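The next block holds one structure in the form of structure tokens; read it before the comments.
A, B, ... follow the sequence lines: proteins, then strands. Residue 1 opens every chain. Treat the numbers as computed from the prediction; the structure is a model and nothing was measured.
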Amino acid sequence: SAHYPPVTLSNLCKPRRLYISFSDVGWENWIIAPQGYMANYCLGECPFPLTAELNSTNHAILQTMVHSLDPEGTPQPCCVPVRLSPISILYYDNNDNVVLRHYEDMVVDECGC
Amino acid sequence: LTLQESLLLKSLGLSAKPSPKTPVPVPSVLWRIFQKRKTLPSTKKDLADACRVEEFNVPGNIIRVLADRGHFVHNGQPQRLLCLQKRLYFNLSVLEEGERLTMAQLEIKFSHNSYHTSGQGQVFELRLYQTSQISLRGMPPNEHSRKLLVEQSFAQLHKSLLFNLSGVAKDWRTYSMNLGLILEISVSGRDGASAPMSGELQSLCASIDSFLDTSLLVVTLSQQQCKASRRRR
């Protein structure tokens, strides 16, 4: 009989667009490519009941249930990246050598609770 | 640097913001690998192992093309059968401490393929020596302080010659052990053919004029960034 506050689709846990521009941080003279990239981030609610789309762990399902019963005592589960992909950056080092470097887990593709 | 910027650089494995002085053209091999990874569909991207260079089939997440900082040992008149003698030196101190070198490939570039006119019976001979002693600029290296690493002969000199120097390059991580290499390209008669006369030598060596430069492609694996990734859901 617990009360379920209405949750609109838009504030459910999901990736949000975030573009990182290297020229904004003044790195355009040593980064050759890319000029920036879509990093995204996770934001949104993990409400009870957790639907399958929310990519949740079993523990998160448990925590939402407890939160629905005792909202003050137990917070909602977090909305975090669950699938990420790498990017590559081409840049000049201090000795004018060209370096191609791969970085894992730089783009948020999917979020989950 | 703002605190945020230095933390972001650190997360990218960089101890400081690079400040290139004379940016060089991007080597085509790096541009090709970069473009290939960039155009991977996102569903495949996270499957692509960012800690392995599949193009060379070695572990690694950093690929550098190091410019040769060596100098010619002699210029102008070919000596004996020697057309070119050059010291090669690649500064590997740019590699950060936590990086493990997994491959080093030397590329010798010519502006075009060089062919002998047929029937002359001469071949190009290329030798790479590891030196254990430094010689003054312009002075020929001491014959006894060098060890033959590579010896190959070519009827035709191709635009690009590649040599695997992974073993030698690992030693170069120690600054004091990095005395570079000596590259020699000479002309010799094929079995039985007579050695070229000096005038002939001059013309044969002329095709070495298409020599452009040498560079060292180095692949390393950053232990910090290529730890076992967290278990994915």
- Determine yes or no for a side-chain-to-main-chain donor-acceptor pair under 3.5 angstrom, with A/Tyr92 supplying the side chain and B/Val24 the backbone. yes
- Task: Measure the shortest side-chain to side-chain distance between B/Val65 and A/Asn97 over non-hydrogen atoms and say whether it is less than 4.5 angstrom.
- Result: no
- Query: For A/Asn58, does the CG atom sit with more than 12 other heavy atoms under 6.0 Å from it, leaving out its own atoms?
  - Reply: no
- Message: Which residues in residues 34-44 of chain A have any heavy atom closer than 4.5 Å to a heavy atom of chain B?
- Response: A/Pro34
- Any chance you could measure B/Arg69, atom CZ, to A/Asn95, atom CG, to the nearest 0.5 Å? 6.0 Å
- Using a cut-off of under 4.5 Å on heavy-atom pairs, state which of B/Ser215, B/Ser222, B/Pro23, B/Ala67 scores highest against chain A. B/Pro23
- What distance do B/Leu12 atom CG and A/Met106 atom CE have between them, rounded to the nearest 0.5 Å? 5.0 Å
- Under a 4.5 Å cut-off applied to non-hydrogen side-chain atoms, are A/Trp27 and B/Leu9 in contact? yes
- Query: What is the distance from atom NE2 of A/His102 to atom CG of B/Leu221, rounded to the nearest 0.5 Å?
  - Reply: 11.5 Å
- Of all heavy-atom pairs between B/Pro25 and A/Val98, which one has the smallest distance, and what is that distance? O-CG2, 4.1 Å
- Among B/Leu66, B/Val218, B/Ile62, who wins on heavy-atom pairs under 4.5 Å with chain A? B/Ile62
- Message: Can you tell me which portion of B/Leu14 sits under 4.5 Å from chain A's heavy atoms? Options are side chain, backbone, both or neither.
- Response: side chain
- After noting the C-alpha distance and the side-chain angles of A/Asp96 and B/Lys21, does the key distance pass the side chain to side chain contact (heavy atoms under 4.5 Å, CB included) rule? CA-CA 7 Å; A/Asp96 297 334; B/Lys21 298 159 203 66; 4.0 Å; yes
- Message: Checking B/Ser28 now: which residues fulfil side-chain hydrogen bond (donor to acceptor under 3.5 Å, both in side chains) with it, not counting sequence neighbours?
- Response: none
- Heavy-atom pair count under 4.5 Å with chain A, highest-scoring of B/Val26, B/Leu8, B/Ile63: B/Ile63
- Message: Distance check, rounded to the nearest 0.5 Å: B/Glu96 atom CD versus A/Asp93 atom CG?
- Response: 9.5 Å
- Message: Measuring only between side-chain heavy atoms, which start at C-beta, is B/Cys51 closer than 4.5 Å to A/Glu104?
- Response: yes
- Message: As an exercise, state the distance from CG of A/Leu90 to CZ of B/Arg37, rounded to the nearest 0.5 Å.
- Response: 12.0 Å
- Is there side-chain contact between B/Pro20 and A/Trp30, with at least one heavy-atom pair below 4.5 Å? yes
- Query: Do you know which of A/Asn94, A/Val99, A/Leu100 has the most heavy-atom pairs under 4.5 Å to chain B?
  - Reply: A/Leu100
- A/Thr74 meets the side-chain hydrogen bond (donor to acceptor under 3.5 Å, both in side chains) criterion, sequence neighbours left out, with none
- Item | Sub-4.5 Å side-chain heavy-atom contact between A/Tyr103 and B/Asn61 | no
- Sequence-distant partners of A/Gln76, side-chain hydrogen bond (donor to acceptor under 3.5 Å, both in side chains), two or more places apart: A/Glu45
